[in-house]
Amino acid sequence: MIELGRKQSLNIKRIKSFGVYLGCEGEDGDVLLPSKYVPEGVAAGDAIEVFVYRDSKDRLIATTLEPKLMRGQTAYLEVKEVGKIGAFLDWGLEKDLFLPFKEQTFRPVKGQQCLVALYIDKSHRLCATMKVYEYLKTDCSYQKNDHVSGTIYQINEHYGAFVAVDGKYHGLVPAKDFHHNLKIGDSVEARVVKVREDGKLELTLSESISVQMDQDGEKILALLESYDGVLPFTEKASPEVIERELGISKAAFKRAVGRLLKQKKINIQDGKIRIM
């Protein structure tokens, strides 16, 4: 059976001046491999490894070019053009890959790298989707406290931020730990908090508490500098104010302020934090 969107080994059924027709031994149906892709010295019956997709006229076509993405996989592809009905992505083949408007989770721009998966739509065409959840894998080798990179592909106020680790593994920053001004499509650095029994990764965008307190302290000192050394609020401020100004939780803010006080880098006076 000729499989759309996957590499496969097919046998030469007929040889023409413009290419060869390939198919599965003992089965009806064939697909054209244009002559520019036909290896030298082949004969009828020989097997050739090809990738099958549809050309600009919606006909099945084979190629020996290596696509950057195959059906069921995920990959980062560059946006070549953006139109009213969708975007077109560079996936290494002559015909660009279509990303329909309805399969976009944010509006990409030309030149941007987007994380997508490849699927077959209802019209039996290959298309890209940014809705990658069902295409991500759970067989990574990461362990607790490992540092990982990924892309936020979905944000849910109840569950948190869904992250495609390395662009291909399931990861989640729980809602209770997601205190960052980030959006879908953003790249993040995270730490593995837990590897669940199903292989999915629970993540945090924070370091260990000790390291994180130092990093948050640096944020506070930098913000103090921007306020001429006087911060017009303390750890008693609302969580919304703290997150808006620093992108951290109120608990993290209180821990970092406590450490800075012990280090005598700041003091609190008249309801304001001052740099020393």
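Rounding to the nearest 0.5 Å gives a distance of 8.0 Å between CD of Gln104 and SG of Cys114. Summarising the geometry, atom CG belonging to Leu4 is positioned 6.5 Å from atom CZ belonging to Arg71; distances are rounded to the nearest 0.5 Å. Distance OG1/Thr63 to NZ/Lys36: 8.0 Å, rounded to 0.5 Å. To the nearest 0.5 Å, the span separating OG1 on Thr64 from CZ on Phe51 amounts to 12.5 Å. With rounding to the nearest 0.5 Å, the separation of CG in Leu69 from OG1 in Thr74 is 7.5 Å. Here the straight-line distance linking atom NZ of Lys168 with atom OG1 of Thr138 works out to 13.0 Å at 0.5 Å rounding.
By the 4.5 Å heavy-atom criterion applied to side chains, Ile61 and Tyr53 are counted as neighbours. Using a 4.5 Å heavy-atom cutoff, the side chains of Lys95 and Leu93 are not in contact. Between Arg259 and Gln263, some side-chain heavy-atom pair lies under the 4.5 Å cut-off. In this structure, the side chains of Ile273 and Val257 come closer than 4.5 Å at one or more pairs of heavy atoms. Taking the side chain as every heavy atom from C-beta outward, Tyr119 and Cys127 approach each other to under 4.5 Å.
Between Val109 and Val79, the shortest heavy-atom contact is O-CB, 3.4 Å. In terms of heavy-atom proximity, Leu261 sits nearest to Ile268 at CD1-CD1, 4.1 Å. Closest approach of Leu118 and Gly5 over heavy atoms only: CD2-O, 4.3 Å. Across Pro108 and Val82, no two heavy atoms sit closer than the pair O-CG2, 3.6 Å. Minimum interatomic distance between Leu203 and Gly171 (heavy atoms only, all atoms of both residues): CD1-CA, 4.0 Å. Taking every heavy atom of both residues into account, Ile220 and Ala256 meet most closely at CD1-CB, 3.6 Å.
Other residues, nucleotides and ligands contribute over 12 non-hydrogen atoms within 6.0 Å of the CG atom of Asp58. Residue Lys13 qualifies as enclosed at atom NZ: its count of foreign heavy atoms under 6.0 Å is above 12.
Side-chain atoms of Gln8 come within 3.5 Å of backbone N or O of Arg6 as a donor-acceptor pair. Here the side chain of Asp96 pairs no donor or acceptor atom with the backbone of Asp90 at under 3.5 angstrom. No donor-acceptor distance shorter than 3.5 angstrom exists from the side chain of Arg191 to the backbone of Lys144, with no hydrogens or angles considered. Not one N or O on the side chain of Glu245 forms a donor-acceptor pair closer than 3.5 Å with the backbone of Ile242. Side-chain atoms of Glu103 never come within 3.5 Å of backbone atoms of Pro100 as a donor-acceptor pair (strictly under, hydrogens ignored). Asp55 places a side-chain N or O within donor-acceptor distance of the main-chain N or O of Lys57, the cut-off being under 3.5 Å. Between the side chain of Ser123 and the main chain of Arg125, no donor-acceptor pair closer than 3.5 Å is present.
Note on Leu65: it clusters hydrophobically with Leu89, by side-chain heavy-atom contacts below 4.5 Å among ILVMFWY residues. Criterion: ILVMFWY side-chain heavy atoms under 4.5 Å apart, direct or through other members. Under it, Phe162 and Tyr169 are not part of a common hydrophobic cluster. Under the 4.5 Å side-chain contact rule for hydrophobic residues, Val241 and Leu246 share a cluster. Hydrophobic clustering (ILVMFWY, side-chain heavy atoms < 4.5 Å, transitive): Val31 and Tyr37 are in one cluster. In the hydrophobic clustering of this structure, Met130 groups with Ile184; members are Ile, Leu, Val, Met, Phe, Trp, Tyr whose side-chain heavy atoms approach within less than 4.5 Å, directly or through other members.
A side-chain N or O of Tyr142 and one of Asp166 form a donor-acceptor pair less than 3.5 Å apart.
Ring centroid separation for the pair Trp91 and Phe98 does not come in under the 6.0 Å cut-off. For His170 and Tyr133, the distance between ring centers is under 6.0 angstrom.
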Problem set entry | CA sep, side-chain torsions, deciding dist, call: Tyr21, Lys16, side-chain contact (heavy atoms from CB on, under 4.5 Å) | CA-CA 8 Å; Tyr21 284 95; Lys16 300 291 183 179; 4.0 Å; yes

For this session: List the steps and the verdict of salt bridge (charged side-chain N to carboxylate O under 4.0 Å, His left out) for Glu81 and Lys110.
Result: CA-CA 6 Å; Glu81 296 292 339; Lys110 185 176 180 179; 3.6 Å; yes

Exercise. Step by step, would you call Leu223 with Leu231 a side-chain contact (heavy atoms from CB on, under 4.5 Å)?
Worked result: CA-CA 8 Å; Leu223 187 61; Leu231 202 61; 3.6 Å; yes

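A salt bridge links Glu49 to Lys7: at least one charged side-chain nitrogen sits closer than 4.0 Å to a carboxylate oxygen.
Between Leu22 and the options Ile48, Asp30, Val38, Leu32, a side-chain contact (heavy atoms from CB on, under 4.5 Å) holds for only Ile48.
The stretch residues 149-161 participates, sequence neighbours left out, in these side-chain hydrogen bond (donor to acceptor under 3.5 Å, both in side chains) pairs: Tyr76-Thr151, Ser149-Glu189.
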